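Structure first, then comments.
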Amino acid sequence: MKKKKIGVYICHCGGNISDYVDVEKVRQAVEGEDIVFLAKTTMFACSDSNQREMVEDIKVNNLDGVVVASCSPKLHLLTFRNVSVRADLNKYTYVHANIREQASWAHSDNKTGATEKAIHLVKAAIAKSRYAEALETNKVKAIKSVAVVGAGVAGMKAAISLSDKECDVVLIEKESFVGGRVAQWDSLSTTTETGKEMISRLYNDLIKRENITILTNSEVIGNKGSVGNISLTIKKTPRYINGSCHPEDLKRAIAICPVEVPDEFNFRLTTRKAIYKNYPSEYPQTPVIDLKNCTRCGACEKVCPTVDFSEKEEILDFSVGSVLMATGFDSYTPAYGEFGYATLENVITLPQFKRLIDTQYGKLTYKGKEIKNIAYIYCVGSRQVDGENTYCSRNCCTSTIHAALTAKSKFQDINNFHFNRGLRTYGKQEILYADSLRSGDIYLQSYEDGLPTVTTEGKKTLVKINDILTNGRKMEVEADLVVLVTGMVPRADNSVGSLFKLPKGRDKFYNEIHMKLRPVETVIDGITIAGACQGPKNIAESVNSALSAATKSYSILSKGELETDPLVASIDPEKCTWCGACEAACPFDAILKVETDQKVIAEINNTVCKGCGMCAPVCEPDAINLIACSSDEIMSMIDALA
Amino acid sequence: MADLHKNSAKILVFSTEKISDPAIDMAGLLKLHYPPTVYTITIPCSSGIKSSWILHAYQKGFDGVFIAADGSDCVYGESCTEKTGRLVGKTHELMKAEEIDPARLRMAAICSVCSESFVKQIRSFNEYLLKTLHP
Amino acid sequence: MSMDVQKKNMNYDALVIGAGIAGGEAALNLANTGYKVLLVDKELSVGGKMIMLSKVFPTLDCAACITTPKVSEISRHPNITVFIGSEVGRINKLSENEFTAQVTRKPRYVHVEDCTACQLCEKACPVNVRDQYQFGLIGRKAAFIPFSICSPKAAAIDIDNCTLCGACERACPTNCIDFTMEPETLELHVKTIVIATGFNLFDPMNMPRYGYGQYKNVITALQMERELAPTRPFNTILRPGDGKVPDRLAYVLCVGSRDASVGNPICSQICCMYSIKQAQLLMGALPMADVTIYYINIRSFGKGFEEFYQQAKGMGVNFVKGKIGKISEKENGNLMLRYEDINEGKLKETEHDLVILSTGVLPNAGIDRLFENEKLSLDSFSFIGQSDMLASPAKTSIEGVFVAGTATGPMDIPDSILSAGAASSEAISYLIQHA
Ligand SMILES: Cc1cc2nc3c(=O)[nH]c(=O)nc-3n(C[C@H](O)[C@H](O)[C@H](O)COP(=O)(O)OP(=O)(O)OC[C@H]3O[C@@H](n4cnc5c(N)ncnc54)[C@H](O)[C@@H]3O)c2cc1C
Ligand SMILES: Cc1cc2nc3c(=O)[nH]c(=O)nc-3n(C[C@H](O)[C@H](O)[C@H](O)COP(=O)(O)OP(=O)(O)OC[C@H]3O[C@@H](n4cnc5c(N)ncnc54)[C@H](O)[C@@H]3O)c2cc1C
Ligand code: SF4
Ligand code: SF4
């Protein structure tokens, strides 16, 4: 093979590197390496002008590859691979050295050490470059269909937007109704439309589309394949009601059902029967029988002919190109006794309070007692000093103020007392806060180390605080109702997240690839995240993220074909003796046992292999190497670093 | 170079592209300093490291090898922890056979935000290696 | 001005107005799904405000480092045409899927393709003016390269300040300076439009009690961004009054926000966070300095924000709840801040040697006037109105015209990216549905 000719570029990064690493010294140290044809320093390697210069250099000098020593490859590996491509080189001939995060910054206390290290890192990259070969990406067919998991506002909007783009959609909802949390809200802030009306509007849009399949009462239980062609197994639990039930029959069936369980739709404020419908305009309109609690007494069957206990659970298979996750959030459940939760009669959470004011008319009562003084305790389960939830839940301040104002306008003589930790009505939501102040709501703010307390004295419930806003004065409010402003937490049931191996962040919500610039993509190719499952959001923010995720999912599939990384394992058929150890080690079933003319050996299925390398160390005869990470490459890098 | 070695041992780190690399990068970003003779080679997953690579490093004069393992965060699945553990065990045996102190190979799970823990681990490993190899 | 409108046959699928991070992201999304995009910006570089920032909260990624890859992706994309230094005027909707728009390309007086950014023209130019890209912290020449990471990286002649002495023309080794260039106005046909014209910052001159423009050591946060950026104008943090390294810095939050008396009652949603970010960076750059943040409420509501705020407290940034009443200057250039310390309920006065005003986000007015035959509605704060704010936040009052980023209201970078994602999604759907 003819000797390679490569170019090496060492970046100043404005000063981020050159303030600590003597880049000229690095250049001199490597320019003599046999395959190095040219070595240059540059102010910003990633700048357009330098990229142009690199393309020139490669073309004019017929270089076979380049090494750029700059910042982390997380930022610029792709940039420089693309530069190579523009200069007609194969992108895998490019090798990156990270001399910023791992040299100049890590050793900004030791300039000599940082420079020495940078020299070694660049030499190792040159060593790797010696082996870097042109590789062809694997092309796989992409199925132009997306599975949207969760039919909350995010999932519904994503589905509509994908359908508009002529992409098939399977919308999978675990509950018996669509709409998620928004279906549970009536009045919303910043609009006169209620949550339920908004969901009806979206549902009516959804059902008129032929390319959307809506599955309620359904869950994903199996996931195979990878981006472009993902096979999902979906379990659909029957409703045990066949066709549409006549409203009068349904009314009688519900009345006759002897079972009574807490109603999750109303956050357990009320109870429901085993045959039920959450609210009149709920979608789909068919009621459902909750078989877990049903005693099979058969009473409903007698009054409503559509009840059908013979319906069976269905297992459905769908093949899609991408999965858009929109599973939303749970509301934080306070600990036993946290601000009197579960220990005092008149302490409820914000979602319960929303249901309470939405379902009552005339007088506001709770447990038979009329409510006048309401104390709201903010940040319950958020911004915890001792607990795990250190984050702010973003929209509870606004939702609380809005609920308080709604209560005030709907019922008479309401006095609102807000025990907050600094209001976060960011952006235009500030107007709501101003309205609330104008309407006479009282705001009391606690010190970070002195949260309010809820106690009882005789029949009275007292909320006490040392109030910052009045210079630390001890204040006390006698509350008829205490509302705990509970924040958003990730869904308690993460089975679908584990199924897709979605990484979670510090806050346990699903994690995006890059917090600033790639907020809806994940490290798992082809899986995007939208709405509140990525972190607390209000409706508009959830919809923005849903549409963004739809765009990303769509753009992966829009060409009908996609390229996968050729960086997979490869087997040396000479050395392989088929012992089966690799097959056992592979977590993706990418290893096949094949018979050639002479012997039985292992073979890699390139489109399934993800290139983790787990098979390589278990191979006794050392027949397996990862492409671009072979023993030869690693050993030569070790030589260069030594 | 001679100077450098007085308070810094030569350590080869195997780290992973998606999990521990970001932590090591962030250690740099946060200017959490560690010895400059610590070099990182990036691989996709810690359970793909071959014992032969590790032994090669000692032959070439590295004082220590540190595996910044994926732990339970591994993007290739939960079996990573166990598999990485197994290959470390196997390498320890081979090291004993060649009379290399097995403590010169260390492993710790480094998650993608574990910058501080990475630096703490490396500093203590460095101290150990200096004490035992360059007293 | 009467100008010939060139009727060159120019057709694009989408016109994106504004090449900040929102416009850039929207253009890339459209281009990556195969549509031809024209991206227009009135400035001399793409990248909007973000490319000028130091680092970004709460990741502390270097803003230039994460913007430049996007910027070069945009400028290289085969489906994107970028018009820099250009303004859009007169947009008419002929029918669904059919808009005409006039775009005026202002002359740069430099042939960008030939310029090597060698800076010889800069050296030769005798004229010194305030550098708008460093927010007046330093000066620049009339022949100048806008800033070190601008894209395209090429010189430009600031004709308003140029004396036409010809020195740059003589110095230029590639003869790319050309004073005969004329403005050209093109008429385009496009099928959909995304407005991403961003925001303006509140001008603190409108609040004389803080002394901006009068006291030299009162600066804005955007100026501080430049002092902290890797491509910074000075090598360290200086106060402009006398070049001294400050050691008692103060941030005044909500300047021009949450304040009906200056006509802006809303919260700007980013200034708490960018101030906390700068405070952290300052603690790193000037380890001995004291940094105090005067606030009403700290709005650290986003992913990782509260933790970032707590981290700043842990690093020793001093947070004082209190609104600054008045700032006055001492003879040595130091500043006296009068405020009510709310935690202690006392009126207080403290001395600082550099004051940074965290100015708020205002709408970029006038975009609605570009539309001739249909009305682009604004909201009550003059941001671009959202016709279906919750269910379709990117839709405007004109079908086929969408809005992205801070043109709809204050937001940070990730929210701008999400909003741009929504706008491009709607635009792609519109293109497909009206194909
Ligand atoms: C008390 C309160 C008041 C609020 N008021 C407002 C307001 O006035 N204005 C506003 O803009 N926002 C408000 N919000 C915020 C709003 O509720 C959220 O922005 C919105 O619900 C987020 O939508 P989503 O689709 O991401 O999640 P969700 O609404 O949680 O929907 C997720 C859906 O996914 C389904 N799902 C979950 N797991 C699975 C699975 N494994 N398989 C299949 N399906 C699954 C769920 O059943 C659900 O239907 C409020 C929030 C709270 C807590
Ligand atoms: C001091 C400061 C610090 C900040 N720090 C952070 C941070 O750390 N993290 C973070 O997330 N956010 C930060 N931000 C916020 C961030 O800058 C914005 O979120 C982001 O820049 C918004 O992008 P945009 O594209 O919407 O607007 P812009 O950046 O304003 O871009 C709009 C573009 O449109 C162009 N334009 C305007 N009108 C026209 C017209 N008529 N014709 C053609 N072009 C036009 C402009 O020239 C500009 O290029 C900070 C902001 C400030 C002020
Ligand atoms: S939004 Fe308000 S109530 Fe919710 S956690 Fe944040 S500060 Fe607390
Ligand atoms: S973000 Fe903070 S500084 Fe900015 S207006 Fe809102 S409260 Fe004031």
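What you see is a predicted model, and the numbers here were worked out from it, not measured in a lab. These values consider heavy atoms only, across backbone and side chains, with no hydrogens, waters or symmetry-generated copies.
For the set A:Thr79, A:Thr470, A:Ile556, A:Ile431, the entry with the most heavy-atom pairs within less than 4.5 Å of chain C is A:Ile431. Interface remark: of the candidates C:Asp341, C:Val71, C:Thr59, C:Thr59 forms the most heavy-atom pairs closer than 4.5 Å to chain A. Looking only at heavy-atom pairs under 4.5 Å with chain C, the residue among A:Asp164, A:Val153, A:Val543 that has the most is A:Asp164. Counting heavy-atom pairs closer than 4.5 Å to chain A, the top-ranked of the candidates C:Ile342, C:Asp379, C:Val56 is C:Ile342. Per-residue heavy-atom pair counts under 4.5 Å with chain A were compared for C:Ser419, C:Ala391, C:Ser151, and the maximum is reached by C:Ala391. Counting heavy-atom pairs under 4.5 Å between each of C:Ser380, C:Pro152, C:Pro58 and chain A puts C:Pro58 at the top. The candidate from C:Met389, C:Lys346, C:Gln386 with the greatest count of non-hydrogen atom pairs under 4.5 Å with chain A is C:Met389. Ranked by heavy-atom pairs shorter than 4.5 Å toward chain A, the options C:Leu431, C:Asp412, C:Asp388 are led by C:Asp388. Looking only at heavy-atom pairs under 4.5 Å with chain C, the residue among A:Ser545, A:Ser548, A:Cys46, A:Ala550 that has the most is A:Ser548. Counting heavy-atom pairs under 4.5 Å between each of A:Gln445, A:Met43, A:Glu193 and chain C puts A:Gln445 at the top. Chain C forms the most heavy-atom pairs under 4.5 Å with one residue out of A:Glu541, A:His514, A:Lys559, and that residue is A:His514.
Of the atoms belonging to A:Arg86, it is side-chain heavy atoms, and not backbone ones, that fall under 4.5 Å from chain C. Heavy atoms of A:Gln429 lying under 4.5 Å from chain C are absent altogether. Contact annotation for C:Phe381: only side-chain heavy atoms (C-beta onward) come within less than 4.5 Å of a heavy atom of chain A. For chain C, the nearby parts of A:Thr190 are the backbone and the side chain; heavy atoms of each come within less than 4.5 Å. For a residue to count as touching a neighbouring chain, one of its non-hydrogen atoms must lie under 4.5 Å from one of that chain's; by this rule A:Arg473 does not touch chain C. Within the 4.5 angstrom heavy-atom criterion, no atom of A:Asp467 approaches chain C. Proximity to chain C is absent for every atom of A:Ser70, based on heavy atoms less than 4.5 angstrom apart. With a 4.5 angstrom heavy-atom cutoff, C:Ser75 touches chain A only via side-chain atoms. Using a 4.5 Å cut-off between heavy atoms, C:Gln310 contacts chain A through its side chain alone, with no backbone atom that close. For A:Asp19, the part lying under 4.5 angstrom from a heavy atom of chain C is the side chain only. Looking at A:Glu53, neither its backbone nor its side chain comes within 4.5 Å of chain C, counting heavy atoms on both sides. Contact of C:Tyr295 with chain A is not made at all, since no heavy-atom distance falls under 4.5 Å. Within the 4.5 angstrom heavy-atom criterion, atoms from both the backbone and the side chain of A:Met515 approach chain C. Contact annotation for A:Asn511: both backbone and side-chain heavy atoms come within less than 4.5 Å of a heavy atom of chain C. Interface residue A:Thr390: backbone and side-chain heavy atoms are both found under 4.5 Å from chain C. With a 4.5 angstrom heavy-atom cutoff, A:Ser47 does not touch chain C via any of its atoms. With a 4.5 angstrom heavy-atom cutoff, A:Leu78 does not touch chain C via any of its atoms. Heavy-atom distances place both the backbone and the side chain of A:Leu517 under 4.5 Å from chain C.
Counted within 6.0 Å of NZ on C:Lys153, heavy atoms from surrounding residues, nucleotides or ligands total more than 12; the atom is thus considered enclosed. For A:Glu56, the CD atom sits in a loose shell: 12 or fewer heavy atoms of surrounding residues, nucleotides or ligands are nearer than 6.0 Å. Within 6.0 Å of the CD atom in C:Gln433, the count of heavy atoms belonging to other residues, nucleotides or ligands exceeds 12. Heavy atoms of other residues, nucleotides or ligands lying less than 6.0 angstrom from NZ of C:Lys323 number more than 12.
Counting only N and O atoms by type, the side chains of A:Lys165 and A:Ser161 include a donor and acceptor under 3.5 Å apart. For the residue pair A:Ser163 and A:Asn211, a side-chain donor N or O sits within less than 3.5 Å of a side-chain acceptor on the partner. Between the side chains of C:Ser300 and C:Glu306, a donor-acceptor pair is found at a separation under 3.5 Å. Counting only N and O atoms by type, the side chains of A:Lys428 and C:Gln269 include no donor and acceptor under 3.5 Å apart. When only modelled atom types and interatomic distance are considered, C:Asn29 and A:Lys552 share a side-chain donor-acceptor pair under 3.5 Å.
The pair A:Arg52-C:Glu113 does not meet the salt-bridge criterion, since no charged nitrogen lies less than 4.0 angstrom from a carboxylate oxygen. Of the charged side-chain nitrogens involved, none lies within less than 4.0 Å of a carboxylate oxygen, so that A:Lys516 and C:Glu25 do not count as a salt-bridged pair. For A:Arg518 and A:Glu521, the salt-bridge test passes: some basic side-chain N is under 4.0 Å from an acidic carboxylate O. Between A:Lys144 and A:Glu166 there is no salt bridge, since none of the side-chain N atoms of the basic residue sits less than 4.0 Å from a carboxylate O of the acidic one. A salt bridge between A:Asp205 and A:Arg209 is present, with a side-chain N of the basic residue lying under 4.0 Å from a carboxylate O of the acidic one.
Ring geometry for A:Tyr426 versus C:Phe301: interplanar angle under 30°, hence parallel rather than tilted (30 to 60°). Classification of the A:His418-A:Tyr443 ring pair by plane angle, with boundaries at 30° and 60°, yields parallel.
A cation-pi arrangement is present between C:Lys313 and C:Tyr309, with the terminal nitrogen or guanidinium carbon under 6.0 Å from the aromatic centre and inside a 45° cone about the axis.
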